[in-house]
Amino acid sequence: MNHWRDLSCGEFGPGRVGDTVSVAGWVARRRDHGGLIFIDLRDHTGIVQLVVNPDRARNAAETAHDIRSEFVVHARGEVVRRAPGAVNPNIPTGEVEIQVDQLEIVARSEPLPFQLDDEGVEEPTRLRYRYLDLRRDRMQRNLRLSATAIAAIRNSMEEQGFIDVWTPSMTLGTPEGARDFLVPVRLQPGKFFALAQSPQLFKQTFMIGGLDRYYQIATCWRDEDLRADRQFEFRQLDLELAFPTREEVLEVLEQVVVASFEALGRTAPPRPFPRMSYGDAMLRYGSDKPDVRFGLEIQEATDVTRGSEFGVFAGAETVRYIVAPQTFSRGELQKLEEFAKEWGAKGLAYIVFDESGEVRSPIAKFLSDEEVEAFLTPPGSTLLFVADSTPMVERVLGALRLHLGQELELIDETRDEHLWILDFPLFLEDEATGRWTFVHHPFTSPVEGHEDLIDTDPGAALSQHYDLIWNGWELGSGSIRIHRQEIQERIFRAMGMTDEEANAKFGWFLEALRMGAPPHGGFALGIERFVALLAGESNIREVIAFPKTASGSDPLTGAPAPTTKERLDELGISLKTPKA
RNA sequence: GGGGACGUAGCUCAGCGGCUGAGAGCACUCGCUUGUCAGGCGAGCACGCGCCGGUUCGAGUCCGGUCGUCCUUACCA
């Protein structure tokens with residue numbers, strides 16, 4: 001170490017008794033007994049108690065009198081064993097303390113705007129003074145955990161033969177997908193770069209360039225509303241490999257996840273991770289990112305209700321239901337119906353089977369014997385039905401299932417469930433426009449043999465896309481890509497894009513596909529989501545040093561901010577509503 | 001853009017259906033205290049109801065708007 005410190009605060013123990021040492025850190029707390037003064041000295045490793053005794057060091061005692069919370073101090077003294085009655089079992093260094101000989105104030109501190117041991121401080125305050133928040137255990141732990149995980153990810157990628165290559169952040173914008181952040185160019189006024197939403201086309205170009213296995217922890221920018229799991233800028237473990245099978249890509253990711261768990265000293269999830277088809281996920285969970293830590297699976301009833309006396313059932317494209325493992329009062333059922341309506345349902349039919357075996361249901365009188373028999377469940381349960389178009393049924397019951405899972409505390413928080421979702425459709429029909437839009441991105445390869453469906457029956461074509469889900473969070477997604485130019489062009493056409501448009505947007509890439517593109521595929525894993533889950537946080541802002549708020553600003557720096565007229569003139573930009 | 005919640009002291013919050021000194025805990029300041037570790041005891045400081053407007057004899061409280069924060073939804077290929 002150096003003259004400031006021989007040991008970090010958390011490193012003191014009985015083995016150091018008798019040593020004369022230097023220590024430095026922040027004053028977590030000072031307890032002044034008039035004579036004796038105790039100082040809890042803190043750094044990133046922990047806390048050690050300094051004892052300043054005027055009988056031993058008069059100058060140090062005078063200095064200690066001036067010391068306040070969060071001063072940075074440097075002390076020199078002797079490590080001594082505490083008297084048996086004075087041991088503090090609450091801190092790892094509690095068996096020893098430092099009898100101070102010299103004490104120096106290195107930096108003073110104003111009283112802090114919030115107390116570091118106050119767990120209840122609101123997020124805006126924490127972000128406004130993030131440097132103070134960072135001193136606290138939670139952020140120290142999360143950022144260190146993040147660093148450990150990222151190191152493990154890099155190691156794993158290197159071991160698996162991937163090379164780290166950088167791609168530009170400033171690139172060509174695309175009208176599809178999320179909104180781009182635009183970057184004006186002083187040298188070419190009126191033109192804009194877009195900040196990369198991901199290195200997607202660049203990494204495919206690496207494969208055409210013969211790099212074979214590429215990875216990068218890439219920063220990505222998307223101008224979309226911020227959420228608990230979304231920021232304007234975030235990082236992806238971005239990777240791509242040539243001549244892969246789907247299994248190989250999944251294998252690479254599973255290795256990365258396992259390596260991260262092991263680096264953190266955790267029991268790794270068993271491999272291979274379970275798989276589920278997209279169709280299955282939507283049917284059973286009403287979601288393409290199902291949380292499978294609890295049951296409450298959605299049941300299909302459409303066949304049974306086809307000719308139902310109950311008009312709502314008979315007339316609906318799809319009827320499905322959830323069996324909740326308890327009964328509900330009328331009021332509770334009404335609330336559940338309101339919840340379903342908020343998600344777009346026209347109503348929520350129910351059948352309550354009381355503990356006594358009695359049936360409460362406004363629709364029971366319409367149901368045939370076959371229906372009643374099909375829906376029969378043990379006493380003390382409730383069936384909740386949604387009848388509507390298939391996407392609406394999936395949507396509403398998926399939301400209701402999650403809602404009930406939380407409300408009824410059915411989710412086993414101690415479990416970790418990793419899951420692959422496979423066999424996505426290539427296209428989904430956009431409900432608003434009726435046009436076919438790609439589910440993932442337009443570079444995803446159809447399943448072999450489904451190429452012709454692109455033109456004949458787009459809705460039936462499956463893609464070689466896959467998502468990695470952890471406890472209901474989408475960690476990332478990937479696919480086997482299209483490496484044949486003519487297939488790529490057919491996809492663009494199916495989306496209603498003319499050849500001219502496709503060329504204008506992706507011409508350089510279509511050209512590259514004509515010059516020897518190997519089969520390739522890859523994946524992108526959301527780093528912050530992954531780390532947040534590893535850290536047990538439900539919000540990625542807790543694992544980001546300087547996150548932005550939901551409104552897209554940074555309370556610490558005050559960004560974003562207006563700029564000057566001069567800067568705008570230089571860039572050839574005029575504002576509709578000029579600001580000072 | 002839609003829905004919900006919140007905004008009172010540095011922090012976290014209480015505050016009646018409208019009434020004559022706007023509060024608590026912690027923090028902070030001062031004093032006393034030589035074995036505390038959420039130190040103890042005593043004294044003190046806080047002038048603040050996000051902002052604008054309205055209703056009223058009277059508004060932290062009611063109404064409208066606005067700003068900010070969080071959650072959620074559309075959105076996030």
Side-chain angles (χ1 to χ4, degrees), chain A residues 28-42 47-56 61 65 68-70 80 82-91 93-94 97 99 109-129 132 174-180 197-198 200-201 220-232 234 338-339 341-344 395 399 402-403 424 426-428 430-432 436-444 463 465 474 477 479 491-492 495 497 505 524 526 538-539 541 548-553 555:
Chain A
R29 206 164 251 117
R30 184 189 66 126
R31 292 177 293 279
D32 183 344
H33 285 249
L36 280 182
I37 296 177
F38 299 93
I39 293 170
D40 289 344
L41 193 68
R42 184 197 69 239
I47 284 180
V48 66
Q49 175 166 277
L50 308 182
V51 185
V52 185
N53 188 331
D55 300 337
R56 180 180 177 120
H65 192 73
R68 294 293 181 274
S69 287
E70 298 307 311
V80 302
R82 296 200 197 182
V87 167
N88 182 354
N90 299 321
I91 57 175
T93 64
E97 62 195 9
Q99 289 286 347
S109 169
E110 300 176 4
L112 266 34
F114 62 88
Q115 290 157 261
L116 299 191
D117 59 0
D118 184 349
E119 296 295 329
V121 183
E122 303 249 15
E123 203 173 1
T125 307
R126 293 175 55 202
L127 295 180
R128 166 74 179 79
Y129 303 99
L132 300 179
T174 53
E176 277 78 23
R179 275 182 288 271
D180 291 318
Q197 291 186 29
S198 80
Q200 182 62 33
L201 288 181
C220 306
W221 291 266
R222 294 178 192 175
D223 181 6
E224 292 297 331
D225 285 3
L226 295 85
R227 291 281 168 75
D229 62 352
R230 256 167 35 195
Q231 286 271 305
F232 283 155
F234 59 97
E338 276 167 32
F339 179 89
K341 282 181 171 170
E342 275 170 31
W343 282 81
R395 174 186 153 85
L402 272 182
H403 179 70
F424 281 74
L426 202 50
F427 300 101
L428 280 181
D430 184 59
E431 285 176 41
W436 293 105
T437 56
F438 37 86
V439 171
H440 185 37
H441 58 53
F443 314 105
T444 302
S463 79
H465 169 67
E474 183 189 318
S477 59
S479 62
I491 295 276
F492 286 147
M495 290 163 41
M497 214 185 278
K505 292 168 185 168
S538 55
N539 189 316
R541 293 191 297 271
K548 287 170 185 61
T549 65
S551 60
S553 46

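What you see is a predicted model; the values in this text were computed from it and never measured. Chain identifiers are assigned alphabetically (A, B, ...) following the order of the sequence lines, protein sequences preceding nucleic acid strands; residue numbering begins at 1 within each chain.
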Listed by chain and number, what are the side chain to side chain contact (heavy atoms under 4.5 Å, CB included) partners of [X], not counting sequence neighbours?
{"X": "D225(A)", "result": "R230(A)"}
{"X": "Q115(A)", "result": "D117(A), D118(A)"}
{"X": "R128(A)", "result": "P555(A)"}
{"X": "R126(A)", "result": "V121(A), R130(A), D133(A), R136(A), R138(A), M139(A), E542(A)"}

Sugar-phosphate only, base, or nothing, as touched by R56(A) at under 4.0 Å among non-hydrogen atoms:
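No contact.
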
For N539(A), report the nucleic acid contact type (base, sugar-phosphate, nothing); a contact means any heavy atom under 4.0 Å.
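Contact class for N539(A): sugar-phosphate only.
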
With sequence neighbours excluded, what pairs up with H33(A) under the ring pair (Phe, Tyr, Trp, His ring centres under 6.0 Å) test?
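Ring pair (Phe, Tyr, Trp, His ring centres under 6.0 Å) list for H33(A), sorted by chain: F38(A).
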
Give a yes/no on whether any side-chain N or O of R68(A) is located under 4.0 angstrom from OP1 or OP2 of U29(B).
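Checking U29(B) against R68(A), a side-chain N or O does come within under 4.0 Å of OP1 or OP2.
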
Short side-chain N/O contact from R541(A) to OP1 or OP2 of C71(B), under 4.0 Å:
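Answer yes for this pair, as a side-chain N or O of R541(A) is under 4.0 Å from OP1 or OP2.
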
Atom [atom1] of [X] and atom [atom2] of [N]: how far apart are they, to the nearest Å?
{"X": "D180(A)", "N": "C76(B)", "atom1": "CG", "atom2": "C1'", "answer": "12 Å"}
{"X": "E119(A)", "N": "G25(B)", "atom1": "CD", "atom2": "C1'", "answer": "17 Å"}
{"X": "D225(A)", "N": "U69(B)", "atom1": "CG", "atom2": "C1'", "answer": "15 Å"}

Is the side chain of R68(A) donor-acceptor paired with the backbone N or O of P111(A) at a distance under 3.5 Å, no angle test?
no

Can you build the contact string for nucleotides 3-13 of chain B? Use B for base contact, S for sugar-phosphate-only contact, and - for no protein heavy atom under 4.0 Å.
-------BSSS

Its contact letters, B for base, S for sugar-phosphate only and - for none at protein heavy atoms under 4.0 Å, make nucleotides 35-47 of chain B read BBBSB--------

Is there a donor N/O on one and an acceptor N/O on the other, under 3.5 Å, for the side chain of R222(A) and the base of C76(B)?
no

Partner nucleotide, any strand, of [N] [Watson-Crick/G-U, under 3.5 Å]:
{"N": "C70(B)", "result": "G4(B)"}
{"N": "G42(B)", "result": "C30(B)"}
{"N": "A9(B)", "result": "none"}
{"N": "G17(B)", "result": "none"}

By side-chain hydrogen bond (donor to acceptor under 3.5 Å, both in side chains), D180(A) pairs with (sequence neighbours left out) Q197(A)

If the condition is side-chain hydrogen bond (donor to acceptor under 3.5 Å, both in side chains), which residues does N90(A) pass it with, not counting sequence neighbours?
N88(A)

At what distance, to the nearest 0.5 angstrom, does CD of Q231(A) lie from OG1 of T549(A)?
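So the gap between those two atoms works out to 8.5 Å.
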
Of P555(A) and A178(A), the one whose closest RNA chain B nucleotide lies more 5'
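On the 5' side of the pair lies P555(A).
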
